[in-house]
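Quick note: residue numbers are just sequence positions, from 1. Start at 1 and go down the list; that is how both ligands and their atoms are numbered.
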Amino acid sequence: MIVDANEEEITRAAEAIRAGELVAFPTETVYGLGADATNGVAVARIFEAKGRPRFNPLIAHVLDIEAAADLAQMPEPALRIAHAFWPGPLTLVLPLRGANARLSPPVTAGLDTVAIRIPSHPVARRLLAEAAVPIAAPSANPSGRVSPTLAAHVAEDLAPHIAVILDGGPAMAGLESTIVDMTGEAVLLRAGAITRAEIEATLGARLGHSVAQGIKAPGQLESHYAPRAQLRMNIQTAQPGEALLGFGPDPGAVLNLSPAGDLREAAANLFAMLRALDAVGYARIAVMPIPEIGLGEAINDRLRRASAPR
Ligand code: TXA
Ligand code: MG
């Protein structure tokens, strides 16, 4: 089920994609649950496996900007940030190119926009090249739960649904891609592995805040990224029975996202440590304060959703 992501196994996985089956694969952000985005039956399997509401659209992964432009209109500012950050952990929401869009409608949940990402991870790229179709891929976790950063996480959660799980080691960033809506004024829909400041510097403009979040990115609203344990954030001292998840030097922490207080390290550790505390069986997790700067915006976003009422 879990196989080493070598050339032969990637070839076999690409064949599985073309046959309409599900393949889990590593990306530079988190592991994805992939299917042929042009095959409605294959795409339906994603929603079924994740228990994902059909109104929540998927990201179409492609190999290059040409392939992106086949699916979507790419106005000038979109091209500028595409060239700056692709391949990489950026997703752009763009107007669907009507007539020749090859995407199966459930990928976009019937919207007239499409979320597109060009991943940089070599395994993801080879899979895309060999499958030679756009690959629809959400994070490979049951809907609402913590995203996977290891092949083993995917197997724990979703093994019975998946033809091949390609093991490419730990996902590097540990946080999902940054999503920017480029259908009008540029709006940050989901903080992620590329910081707001990096994108604003390239755009030469501030990113707008998503006002109609619930409509624009349905998956962004409800409780999400949730471990089984209840979670509280911005806590210095845990209560009895509560596991303290540290940031910065703290001898009292059960696990520490980054003893050195490094946000990149904390991002890479976040999901795996939430899973590890769940596995120990803690009913409650208290997370120390994470500064709301750089990657801290995305880390705190995930923690806020994980601590939202369920
Ligand atoms: O890093 C990532 O982006 C990972 C890897 C596997 O690429 N994928 C990922 O997919 O995080 P997912 O499905 O877990 O999150 C995609 C988000 C969802 O919140 C969805 O609502 C939003 O993208 N989305 C997709 N299409 C959209 C659209 N047309 N308009 C607005 N939001 C959209
Ligand atoms: Mg997800």
Atoms of ligand 1 close to S177 [distance to a heavy atom under 4.0 angstrom, numbered from 1]: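 So the atoms of ligand 1 that pass are 1 (O), 2 (C), 3 (O).
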
Mark up the atoms of ligand 1 that fall under 4.0 Å of a heavy atom belonging to I59, in ascending order.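 Going through ligand 1 atom by atom, the ones under 4.0 Å from I59 are 3 (O), 8 (N), 9 (C), 10 (O), 16 (C).
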
For ligand 1, is there an N or O atom under 3.5 Å from any N or O atom of [X]?
X: T27; result: no
X: K50; result: no
X: S139; result: yes
X: N56; result: yes

Please tabulate, one pair per line, all N/O donor-acceptor pairs under 3.5 Å involving side-chain atoms of residues 270-280, not counting sequence neighbours.
| unit_1 | atom_1 | unit_2 | atom_2 | d |
| --- | --- | --- | --- | --- |
| R275 | NH1 | D157 | OD2 | 3.3 |
| R275 | NH2 | V146 | O | 2.6 |
| R275 | NH2 | D157 | OD2 | 2.9 |
| D278 | OD1 | R228 | N | 3.2 |
| D278 | OD1 | A229 | N | 3.0 |
| D278 | OD2 | R228 | N | 2.6 |

Taking all atoms of both residues into account, what is the closest heavy-atom pair of L166 and P26, and its distance?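 Taking L166 first and P26 second, the nearest heavy atoms are O-CD, 3.4 Å.
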
Non-hydrogen atoms of L158 and A49 that approach each other most closely: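 Between these two residues, the closest heavy atoms are CD2-O, 3.4 Å.
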
From the options [options], select the one whose nearest heavy atom is closest to [atom].
atom: atom 25 (C) of ligand 1; options: P57, P95, P53; answer: P57
atom: atom 8 (N) of ligand 1; options: S147, A137, G192; answer: A137
atom: atom 29 (N) of ligand 1; options: T113, L189, T108, L33; answer: T113

Report all side-chain donor-acceptor pairs from residues 17-25 shorter than 3.5 Å, counting only partners two or more places apart or in another chain.
| unit_1 | atom_1 | unit_2 | atom_2 | d |
| --- | --- | --- | --- | --- |
| R18 | NH1 | A131 | O | 2.4 |

Which bit of H224 gets closer than 4.0 Å to ligand 1, counting heavy atoms only: side chain, backbone, both or neither?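 H224 to ligand 1: no contact under 4.0 Å from either part.
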
Is P89 near ligand 1, meaning one of its heavy atoms is under 4.0 Å from it?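 Outside the 4.0 Å threshold, so no.
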
side-chain hydrogen bond (donor to acceptor under 3.5 Å, both in side chains) involving E130 - partner list, sequence neighbours excluded: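 Once residues adjacent in sequence are excluded, the partners of E130 under the side-chain hydrogen bond (donor to acceptor under 3.5 Å, both in side chains) criterion are T11, R126.
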
Between E28 and R117, is there a side-chain N and carboxylate O pair less than 4.0 Å apart?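 Here E28 pairs with R117 in a salt bridge, since their nearest N and O are under 4.0 Å apart.
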
Could you please tell me which protein N, O or S atoms lie under 2.8 Å from the Mg ion (ligand 2)?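 As for protein N, O or S atoms lying under 2.8 Å from the Mg ion (ligand 2), they are S139 OG.
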
S147 versus E176, side-chain donor and acceptor atoms under 3.5 Å: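 A donor-acceptor contact under 3.5 Å links the two side chains.
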
